[in-house]
Amino acid sequence: MPEVRIIAKNFMDMVASMPAIKLDKLYQNGFICEAILRSLPPLAKKYVLQLLHIDGPVPAKLLAEWVLPDGLSKHKVAIDRLVQLRVFVEAFDNRKNEKTYQVNSTYQKSLQNLLVHGGTLPRESMPSNITVRLPTLEDLETYALEQWECFLLQLISPSHVDKTLNISSSLMKVFQRRLLSQRDREAPKLTESGFQFLLMDTNAQLWYIIREYITNSEERGVDAGDLISFMLELSFHVIGEAYNINTLTEFQRNIIKDLADLGLVKLQQGRKESWFIPTKLATNLSVSMTESSSRKEGFVVVETNFRVYAYSTSKLHCEILRLFSRVEYQLPNLIVGAITKESLYNAFDNGITADQVSIRNYIVYFAF
């Protein structure tokens, strides 16, 4: 598979890039502090828990003595991450002429309170006698991936979508910023970065969209800190449980509608109440991309005569292949086509580069 140059950061990278004032505000929420703790490297977690009940600064030399010489590289990575996230506040003691670290006081109080007294989410799941028959975990995972594919399919080939999504203007702007281009009254076309985006796995795509969605939130009059706080809070909800929409603020309801388009939650309506059901994509928001994967397996074989055989059941995969090849017919689990001079010219006209459609040794086997 071609190398993807778009870097889709996870939530903790976005948190680390926030100003100190907004970070301290974020750390007033105990669940955010727990999400931060979960994301840390093992050694960094150990440092936080060991210093959690120590109020004063600790010399950097003392922390370095806690690890063996062959663990100094991991020690440096742990300290750097803690300082980036402002979990540790770095200072210099002029009197003793040494560097010190101290746990961020706001983070310290919130995590102490959560560990000692426990914590409850702002909303409880709804009782089963109110909700209709909820989907199983398998059905919910299938729904989440199908919804995500439908979302992407509508952007690159609306005519091949089974159900139409009313994508909000805020989500459309995320794509139009770098992934889609439009001239005059022509239909939007994928950019080079947009094609690379389609080659990412589901979690990488999700992180990219969420990052851009949050980065551009200020333009919509939405505070990025509040948005991150709500999304990380959402990751602590239970997959498959129903939560009442009425427990959300107006701001959160607008966000939930966008997240439903992305497949992070499923919206359902009862006789009197309506609710949302978190999917696995939502609960993975506070997890690193490398710790979870949501990719449909499929393989492409290109023969020496440039005939293409793609073993996949995905309509999205079919439309991706259509961007640079001529799709001739599609069976339930097989797509058959050919790479022609005309299909390549069409791909180049749409911003896809030759490097992205590379054929080595005239035969290629690669996973979607």
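The figures that follow rest on heavy atoms only: side chains count, while hydrogens, waters and symmetry mates do not.
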Using the side-chain contact (heavy atoms from CB on, under 4.5 Å) rule, take I255 and L248 through it: C-alpha gap first, then chi angles, then the decisive distance, then the call. CA-CA 10 Å; I255 302 303; L248 304 176; over 6 Å; no
Does E124 have more than 12 heavy atoms from other residues, nucleotides or ligands lying within 6.0 Å of its CD? no
Are I36 and V116 grouped together when hydrophobic residues (ILVMFWY) are joined by side-chain heavy atoms under 4.5 angstrom apart? no
Salt bridge present between D261 and K257 (N-O < 4.0 angstrom): no
Taking 4.0 angstrom as the limit, do R38 and E34 come out as a salt bridge? yes
CG on L111 to CG on L52, rounded to 0.5 Å: 5.0 Å
Go through L140 and K280 one step at a time and tell me if the side-chain contact (heavy atoms from CB on, under 4.5 Å) criterion holds. CA-CA 8 Å; L140 202 58; K280 187 177 180 180; over 6 Å; no
Main-chain N/O of T249 paired with Q252 side-chain donor or acceptor, under 3.5 Å: yes
Is the shortest distance from a Lys or Arg side-chain nitrogen in R253 or E250 to a carboxylate oxygen in the other one below 4.0 Å? no
Can you give me the closest heavy-atom contact between L134 and G240, atom names plus distance? CD1-O, 3.7 Å
To the nearest 0.5 Å, how far apart are OG1 in T279 and OH in Y143? 8.0 Å
Common cluster, L321/Y345, ILVMFWY with side-chain heavy-atom separation under 4.5 Å: yes
Heavy-atom side-chain contact between F92 and N97 under 4.5 Å: yes
Among the clusters formed by ILVMFWY side chains lying less than 4.5 Å apart, do L37 and L23 turn up in the same one? yes
Let's go through H317 and R322 carefully: what are the C-alpha distance in whole Å and the side-chain angles of both, what is the deciding distance for side-chain contact (heavy atoms from CB on, under 4.5 Å) to 0.1 Å, and is it a yes or a no? CA-CA 9 Å; H317 291 165; R322 202 186 297 275; over 6 Å; no
Any V67 side-chain heavy atom under 4.5 Å of K74 side chain: no
Under 6.0 Å from the NZ atom of K22, do we count more than 12 heavy atoms belonging to anything else shown? yes
Would you call the rings of H237 and F276 parallel, tilted or perpendicular, taking 30° and 60° as the class edges? tilted
Tell me whether Q147 contacts the main-chain N or O of A260 through its side chain, where contact means a donor paired with an acceptor under 3.5 Å. yes
How long is the span from the OH atom in Y213 to the CG atom in D258, to the nearest 0.5 Å? 3.5 Å
Verify side-chain contact (heavy atoms from CB on, under 4.5 Å) between V336 and Q330, making sure each step is shown before the conclusion. CA-CA 6 Å; V336 179; Q330 184 175 5; over 6 Å; no
Exercise: do D139 and T136 side chains pair donor with acceptor under 3.5 Å: yes
For the student: nearest non-hydrogen atoms of A338 and S343, plus distance: O-OG, 4.2 Å
Validation row: N254, V222 side chains within 4.5 angstrom (heavy atoms): no
Just wondering, do I79 and L63 contact through their side chains at under 4.5 Å, heavy atoms? yes
d(S235 OG, F31 CZ) to nearest 0.5 Å is 10.0 Å
Can I239 be reached from W275 by stepping across I, L, V, M, F, W or Y side chains whose heavy atoms are under 4.5 Å apart? yes
Smallest heavy-atom separation, I277 atom then P135 atom, equals CD1-CD, 3.8 Å
Distance col, row I228:CD1 vs I214:CD1, nearest 0.5 angstrom, shows 4.5 Å
Between L114 and G30, what is the shortest heavy-atom contact and its length? CD2-O, 3.4 Å
Sequence neighbours left out, what passes side chain to side chain donor-acceptor pair (under 3.5 Å) with E212? Give chain and number order. none
L153 and E319, any side-chain heavy atoms less than 4.5 Å apart: yes
For residues 107-132, pull every pair meeting ring-ring contact (aromatic ring centres under 6.0 Å, His included), keeping only residues two or more places apart or in separate chains. Y27-Y107
Kindly say whether I54 contributes a backbone atom to a donor-acceptor pair with the side chain of Q108 at under 3.5 angstrom? yes
Y329 side-chain N/O to L334 backbone N/O, donor-acceptor pair under 3.5 Å: no
What distance separates K45 NZ from L82 CG, expressed to the nearest 0.5 Å? 11.5 Å
Backbone of D226 reached by a side-chain donor or acceptor of S229 within 3.5 Å: no
Side-chain donor-acceptor pair under 3.5 Å between W66 and Q50, yes or no? no
Using modelled atom types only, decide if a donor and an acceptor are shared between the side chain of Q102 and the backbone of D55 within a distance under 3.5 Å. yes
I need the minimum non-hydrogen distance between I339 and S325, along with the two atoms involved. CG1-CB, 4.0 Å
Under a 4.5 Å cut-off applied to non-hydrogen side-chain atoms, are R326 and E342 in contact? no
Out of curiosity, does L232 fall in the hydrophobic cluster containing I256 (side-chain heavy atoms, cut-off under 4.5 Å, transitive links)? yes
Nearest heavy-atom contact between L85 and V15 is CD2-CG1, 3.9 Å
Take a 6.0 Å sphere around CG of L331 and say whether it holds more than 12 heavy atoms from other residues, nucleotides or ligands. yes
Within-4.5 Å side-chain heavy-atom neighbours: I209 and F197: yes
Below 4.5 Å, heavy atoms only, C-beta onward: do M18 and L26 meet side chain to side chain? yes
Strictly by salt bridge (Lys or Arg N to Asp or Glu O under 4.0 Å), give each pair with a member in residues 86-102 just once, sequence neighbours left out. D24-R86, E90-K99
